[in-house]
Colleague: 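The structure follows.
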Amino acid sequence: MYPHERSLVKRLAGKPFALLGINSDPRGKLKQAIKKEQMTWRSWWDGGDTSGPIATRWNVHGWPTIYVLDHKGVIRYKDVRGTPLDEAVAALLKEIKK
Amino acid sequence: MHHRALLIVSVLALATAIPCRAAEDTRAESASAKMSPPSEQYQSLVQEYETARKDFSKVIGAAKTEEERTKAFDRYPRPEAYVDRFLTLAEQHPKDPTAFEALAWIAVNAGDAPEAVKAFASLARNHITSDKLGRVCQSLIYSSYEGAETMLTTIWEKNPHRAVQGQAAFSLGQYIKERKKGAATEAEKIFEKVIAQFGDLPHYRGTMAQAAQGELFELRNLNIGQAAPEIEGEDVDGKKFKLSDYRGQVVVLDFWGDW
């Protein structure tokens with residue numbers, strides 16, 4: 001996951017795009033991961049385990065779980081990864097230009 | 001020669017009915033596995049799988065390059081590969097409690113593999129009233145067993161143990177939510193029944209009522225085409241930020257953990 005996310009964020013730098021994480025690790029482990037994996041994107045720290053308030057509200061029981069939102073904040077895709085994720089983001093960026 | 005000696009030892013152990021002696025010999029006994037009681041055969045199969053898993057963890061942990069890691073995955077002990085032996089064990093001793101254990105092992109460890117279908121069918125046929133059926137319910141959700149929905153409904157109706165009924169009802173709701181297109185209303189009704197009938201039962205996210213509320217929230221508010229609920233929280237350094245700060249941008253939300 002990390003290399004693909006890194007390249008997505010790098011490729012879309014300067015575009016109206018944001019990758020936002022919701023992380024379920026203990027604080028120290030999250031800090032380490034951000035450093036080690038050179039994460040330039042932000043993550044909410046969800047309380048240190050998989051039953052944090054955000055994961056609970058969003059009823060997330062499997063990781064990773066992905067939601068893609070358009071520029072109006074509407075859910076447009078769920079659980080897309082790899083190339084389909086790139087294509088979903090590209091399609092939504094195109095909508096903004098219209 | 002060596003094998004024959006082991007066989008004699010185990011036959012003696014059985015003949016003199018010293019169970020602890022037989023247990024001590026379990027590991028050496030695989031050559032004469034048919035001689036040992038079903039519960040021991042079950043234990044040694046589980047042991048074999050667990051050992052293979054531990055070996056795999058060691059190899060993967062020691063792998064330094066991507067190539068070594070790929071190679072290490074050749075040694076991953078696929079639980080599907082053990083299904084046949086657990087199934088045979090259950091079929092050979094249908095009246096022994098081990099039969100249930102063997103079938104449940106398949107359901108829990110290899111439930112989504114096509115090989116598990118026979119195990120689910122056998123559990124549905126012979127063990128529908130078992131007090132230990134709860135852990136099997138969840139593995140039906142992503143199974144390829146065609147009778148999964150019927151089996152969950154039957155467990156809910158016929159199993160005499162309330163905790164098992166609750167597991168069956170909750171899993172049925174999840175099955176309908178995940179596997180049946182366009183049946184959101186049906187799933188909602190089931191989760192509402194779970195709250196009313198089994199709300200007080202424990203769940204890893206508190207109670208079944210809380211977990212079912214989570215399912216209802218997802219069914220009602222997290223569909224494609226709906227506005228995403230606000231997220232407010234802090235980053236790892238304690239800096240506050242919220243989802244609506246990013247309005248006007250395409251956003252990928254990634255629920256992740258470094259594991």
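A, B, ... follow the sequence lines: proteins, then strands. Residue 1 opens every chain.
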Colleague: Does A:Asn59 reach the side chain of B:Leu219, with side-chain heavy atoms less than 4.5 Å apart?
Modeller: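 In short, these two side chains do not touch, never coming nearer than 4.5 Å.
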Colleague: A:Pro53, A:Gly73, A:Ala33: which one forms the most heavy-atom pairs within less than 4.5 Å of chain B?
Modeller: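 Answer, by heavy-atom pair count under 4.5 Å with chain B: A:Gly73.
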Colleague: In terms of heavy-atom pairs under 4.5 Å, which option from B:Lys240, B:Glu218, B:Gln249 contacts chain A the most?
Modeller: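 Of the options given, most contacts go to B:Gln249.
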Colleague: Going by the angle between their ring planes, with limits at 30° and 60°, are B:His203 and B:Phe170 parallel, tilted or perpendicular?
Modeller: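 B:His203 vs B:Phe170 ring planes: tilted.
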Colleague: Taking every non-hydrogen pair under 4.5 Å, which of B:Leu243, B:Leu222, B:Asn223, B:Asn221 racks up the most with chain A?
Modeller: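 Of the options given, most contacts go to B:Leu222.
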Colleague: For the candidates B:Ala211, B:Gly238, B:Gly248, B:Gly225, which exhibits the highest count of non-hydrogen atom pairs separated by less than 4.5 Å from chain A?
Modeller: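 Going by pairs under 4.5 Å, I would pick B:Gly248.
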Colleague: Can you tell me which portion of B:Glu232 sits under 4.5 Å from chain A's heavy atoms? Options are side chain, backbone, both or neither.
Modeller: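 Looking at B:Glu232, just its backbone touches chain A.
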Colleague: Could you look at A:Ile34 and say if it's the side chain, the backbone, both or neither that has a heavy atom under 4.5 Å from chain B?
Modeller: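 Interface part for A:Ile34: side chain.
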Colleague: Quick check on the interface: out of B:Ala227, B:Ala228, B:Gly233, B:Gly206, who has the most heavy-atom pairs with chain A under 4.5 Å?
Modeller: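 The residue among B:Ala227, B:Ala228, B:Gly233, B:Gly206 with the greatest pair count is B:Ala228.
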Colleague: So which residue, A:Leu12, A:Thr50, A:Val89, ends up with the most heavy-atom pairs under 4.5 Å with chain B?
Modeller: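 Most pairs with chain B among the choices: A:Thr50.
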Colleague: With no hydrogens and no angle check, just 3.5 Å: does a side-chain donor-acceptor pair link B:Tyr145 and B:Asp112?
Modeller: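 Side-chain D/A pair, B:Tyr145 to B:Asp112: absent.
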Colleague: Would you say the rings of B:Trp105 and B:Phe86 are close, in the sense that their centroids are separated by under 6.0 Å?
Modeller: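 They qualify: ring centres under 6.0 Å apart.
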Colleague: Let's test your reading of the structure: which of A:Leu20, A:Asp46, A:Val74, A:Leu8 forms the most heavy-atom pairs below 4.5 Å with chain B?
Modeller: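 Maximum pair count with chain B is reached by A:Leu20.
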Colleague: Below 4.5 Å, heavy-atom pairs only: which of A:Lys29, A:Lys15, A:Gln32 has the largest tally toward chain B?
Modeller: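 Of the options given, most contacts go to A:Lys29.
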Colleague: Indicate whether the side chain of B:Gln167 and that of B:Gln138 have a donor and an acceptor atom separated by less than 3.5 Å.
Modeller: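 The answer is no; no qualifying pair exists.
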Colleague: State, yes or no, whether a side-chain contact exists between B:Tyr49 and B:Pro79 at a heavy-atom distance under 4.5 Å.
Modeller: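 Yes, close enough: below the 4.5 Å cut-off.
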Colleague: Heavy atoms only, distances under 4.5 angstrom: which of A:Trp45, A:Phe17, A:Tyr77, A:Trp58 has the most pairs with chain B? Name it, please.
Modeller: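 Most pairs with chain B among the choices: A:Trp58.
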Colleague: I'd like to check A:Trp44 versus B:Leu253 (side-chain heavy atoms, cut-off strictly below 4.5 Å). Are they in contact?
Modeller: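 Contact flag for A:Trp44/B:Leu253 side chains = yes.
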Colleague: Counting distance only, does the side-chain N/O of B:Lys193 pair as donor-acceptor with the main-chain N or O of B:Ala169 below 3.5 Å?
Modeller: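 Looks like no, no N/O pair under 3.5 Å.
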Colleague: If you count heavy-atom pairs under 4.5 Å between each of A:Arg57, A:Arg42, A:Arg27, A:His61 and chain B, which one has the most?
Modeller: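 Answer, by heavy-atom pair count under 4.5 Å with chain B: A:Arg42.
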Colleague: Counting neighbours of CD on B:Glu67 that are heavy atoms of other residues, nucleotides or ligands and sit closer than 6.0 Å, is the number greater than 12?
Modeller: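 No, because the 6.0 Å sphere around CD of B:Glu67 holds 12 heavy atoms or fewer from other groups.
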Colleague: Non-hydrogen atoms of chain B under 4.5 Å away: do they reach the side chain of A:Asn23, the backbone, both or neither?
Modeller: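 Its backbone and side chain both get close to chain B.
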